[in-house]
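Input: a single structure, listed below in structure tokens.
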Amino acid sequence: MSLNFPGIIKGPETLVAAAAPQALTANWVDLGDEQYVAGARRAGLWLTLDINDSTDARVRCLAKHESAGAEEYTLSIRTVGASDVKLEPEYFEFNVDEDCLMLLSVDLDGLVPYVQFQVQAGVVGATAGQIDAAYLTTAH
């Protein structure tokens, strides 16, 4: 169920649910569908990570100027909410290779109409890690 509070927070929108987890691969793969976020100042990505045998789980956020457009622009990562995440210029990387719950925040500055989140593993283990659940909230 999605709750909307005008001018404050919208969401949560489900990107991935426990019934259909998203496996981590060596390549960037979409985490759920693209999301309409026009006017949002920030996006919050709520993740449930099951690392299994993989290491260095990564998350990035791509900006899109049109729905289903082929042009995807990697957003710069400027802030992070926990010491368990390492900042790279264009993605978050989990420092601690263990199962965890994490809220990641991405600045949108009210400029981005659509976003697509993606995930990958630095090293895919014998049993690949996975995102068990992912939700998106936005602050306007």
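Residues: numbered from 1 along the sequence shown.
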Exercise. Once you round to the nearest 0.5 Å, how far does SG of C61 lie from CD of E90?
Worked result: 12.0 Å
For this session: Go through L101 and L47 one step at a time and tell me if the side chain to side chain contact (heavy atoms under 4.5 Å, CB included) criterion holds.
Result: CA-CA 6 Å; L101 301 173; L47 293 174; over 6 Å; no
Exercise. Who else is in the cluster with Y114 when I, L, V, M, F, W and Y are joined by side-chain contacts under 4.5 Å?
Worked result: Y36
Problem set entry | L45 side chain reached by L31 side chain, heavy atoms, under 4.5 Å | yes
Problem set entry | Euclidean distance, K10 NZ relative to L136 CG, rounded to 0.5 Å | 12.0 Å
Problem set entry | W46 atom CH2, neighbour heavy-atom count above 12 within 6.0 Å | no
Problem set entry | Partners meeting side chain to side chain donor-acceptor pair (under 3.5 Å) with D33 (sequence neighbours left out) | none
Problem set entry | Set of residues satisfying side chain to side chain contact (heavy atoms under 4.5 Å, CB included) with respect to V124, sequence neighbours excluded | A26, S54, A121, A128
Exercise. Would you say L15 and I131 make side-chain contact, with heavy atoms under 4.5 Å?
Worked result: no
For this session: I would like to know whether L75 and L62 meet side chain to side chain contact (heavy atoms under 4.5 Å, CB included); could you show each step before the answer?
Result: CA-CA 6 Å; L75 288 173; L62 303 173; over 6 Å; no
Exercise. Among pairs that include at least one residue of residues 47-76, which meet ring-ring contact (aromatic ring centres under 6.0 Å, His included), considering only residues two or more places apart or in two chains?
Worked result: H65-Y73
Exercise. Backbone N or O of G32 within a donor-acceptor pair of the Q116 side chain at under 3.5 Å?
Worked result: yes
Problem set entry | By side chain to side chain contact (heavy atoms under 4.5 Å, CB included) - contacts of V123 (at least two apart) | T55
Exercise. How far does OG1 of T25 sit from CD of Q118, to the nearest 0.5 angstrom?
Worked result: 9.5 Å
Problem set entry | Partners passing side chain to side chain donor-acceptor pair (under 3.5 Å) against D53 (at least two apart in sequence or in another chain) | T127
Exercise. Do Y91 and V115 share a hydrophobic cluster, counting only Ile, Leu, Val, Met, Phe, Trp and Tyr and linking them when any side-chain heavy atoms are less than 4.5 Å apart?
Worked result: no
For this session: Only pairs at least two apart or in different chains count here, so list each salt bridge (Lys or Arg N to Asp or Glu O under 4.0 Å) that has a residue in residues 54-66.
Result: E34-K64, R58-E93, K64-E72
Problem set entry | side chain to side chain donor-acceptor pair (under 3.5 Å) involving T48 - partner list, sequence neighbours excluded | none
Problem set entry | Spacing of F117 atom CZ and F92 atom CZ [to the nearest 0.5 Å] | 8.0 Å
For this session: Could you pull out all residues at least two apart from Y135 that satisfy ring-ring contact (aromatic ring centres under 6.0 Å, His included)?
Result: none
Exercise. In chain order, what residues pass the side chain to side chain donor-acceptor pair (under 3.5 Å) check against D132, with sequence neighbours excluded?
Worked result: Q130
Exercise. Does the side chain of V37 reach to within under 4.5 Å of the side chain of L108, using non-hydrogen atoms?
Worked result: yes
Exercise. Considering residues at least two apart in sequence or located in another chain, which fulfil the side chain to side chain contact (heavy atoms under 4.5 Å, CB included) criterion with A17?
Worked result: T14
For this session: Quick one: list whatever passes side chain to side chain contact (heavy atoms under 4.5 Å, CB included) with A57, sequence neighbours left out.
Result: L24, L49, I51, F94
Exercise. Taking the side chain as C-beta and beyond, is there a heavy-atom pair between Q22 and V29 under 4.5 Å?
Worked result: yes
